[in-house]
Amino acid sequence: MILPPSFYTRTDVVKIAKELLGKVIVTNIGGIVTSGMIVETEAYAGVHDKASHSYGGRNTERTKVMFMNGGVAYVYLCYGIHHLFNVITNVEGTPSGVLIRAVEPLEGVEYMLVRRKKEKLTPALTAGPGALSAALGINTALTGTSLSGTDIFIEDRGIKLPKTDIVIGTRVGVAYAAEDAMLPYRFSIKGNKYVSKGKGL
DNA sequence: CAAACGATTTTCT
DNA sequence: GAAAATCGTTTGG
């Protein structure tokens, strides 16, 4: 089943980040359907989180999507090259979200290979936030799009993960966030080869 | 209006 | 393991 808006509008973004592991992202871009199981996530919790774009209540043209009601996509261009895909959570006015860091390819692998200009399926195809976005055809045009719509949505396919298969760690690439960089806001599936390298856990 | 920087990936040594 | 690639957003003048 497709996750309902009520899944995203809850207030505990860290819990949502954990629950998103094992769920399946499906994109339908230009008539091409691709999907992948989420194997790594990171939580970005509201205005008090220095690592978040919305820290201190910063509400700009780019980040305004984070302030929307939960259940929409937030796609941000980083380093001028990479599209990073986030799931916005919580209710309108409270900017929190979950960065999808890695997925395991399911359907449409051949299209992902084309988009990534690769010939063979390697873990690098979707291991990493910029990589999975490119593979699934996600770009900034999807910012603000509902995750319960037809272009992109997240499904629960009944995959259940034992608690022991969830690895908790610190976030990646947010060293500038000082003490908030140490928060246990990163979740991944133990032993899954599509989990990004990032930094060691 | 101009300058600096980043929630990264790839490639080369 | 280290450095380059590359551009929209943000910040300062």
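All chains are named by letter (A, B, ...) in the order of the sequence lines, taking the proteins before the strands, and each is independently numbered beginning at 1.
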Next item on the list: Give the dot-bracket string for DNA chain C, reading 5' to 3', where a pair is Watson-Crick or G-U wobble with both distances under 3.5 Å, ( ) marks pairs inside the strand, [ ] marks pairs crossing earlier ones, | marks a partner on another strand, and . marks unpaired.
Entry: |||||.||||||.
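With sequence neighbours left out, the side-chain hydrogen bond (donor to acceptor under 3.5 Å, both in side chains) criterion links A/Y44 to A/E42. Annotation: ring pair (Phe, Tyr, Trp, His ring centres under 6.0 Å) contacts of A/Y76 (sequence neighbours excluded): A/H53. Contacts of A/S146 classified as side chain to side chain contact (heavy atoms under 4.5 Å, CB included), with partners at least two apart in sequence or in another chain: A/S148. Remark: A/E179 pairs with A/K50 by the salt bridge (Lys or Arg N to Asp or Glu O under 4.0 Å) rule, at least two apart or across chains.
No donor-acceptor distance shorter than 3.5 angstrom exists from the side chain of A/R58 to the backbone of A/T63, with no hydrogens or angles considered.
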Between side-chain atoms of residues 13-23 of chain A and protein atoms elsewhere (two or more places apart, or another chain), which donor-acceptor pairs fall under 3.5 Å?
residue: A/E19; atom: OE1; partner: A/R10; partner atom: NH1; Å: 3.2
residue: A/E19; atom: OE1; partner: A/R10; partner atom: NH2; Å: 2.9
residue: A/K23; atom: NZ; partner: A/E19; partner atom: O; Å: 3.0

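In this structure, A/Y111 shares a hydrophobic cluster with A/I32, the cluster being traced through Ile, Leu, Val, Met, Phe, Trp and Tyr side chains under 4.5 angstrom apart.
Residue pairs satisfying the ring pair (Phe, Tyr, Trp, His ring centres under 6.0 Å) criterion with at least one member in residues 146-191 of chain A, sequence neighbours excluded, are absent. The stretch residues 112-137 of chain A participates, sequence neighbours left out, in these side chain to side chain donor-acceptor pair (under 3.5 Å) pairs: A/T34-A/R115. For residues 150-162 of chain A, the pairs satisfying side chain to side chain donor-acceptor pair (under 3.5 Å) are A/E107-A/R157, A/E155-A/R157, with sequence neighbours left out.
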Next item on the list: Scan nucleotides 1-13 of chain B nucleotide by nucleotide, 5' to 3', and note B when protein non-hydrogen atoms come under 4.0 Å of the base, S if they reach only the sugar-phosphate, - if neither.
Entry: -----BBBSS---
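A 4.0 Å heavy-atom criterion places the boundary nucleotides of DNA chain C facing chain A at C/dA5 to C/dT11, written 5' to 3'.
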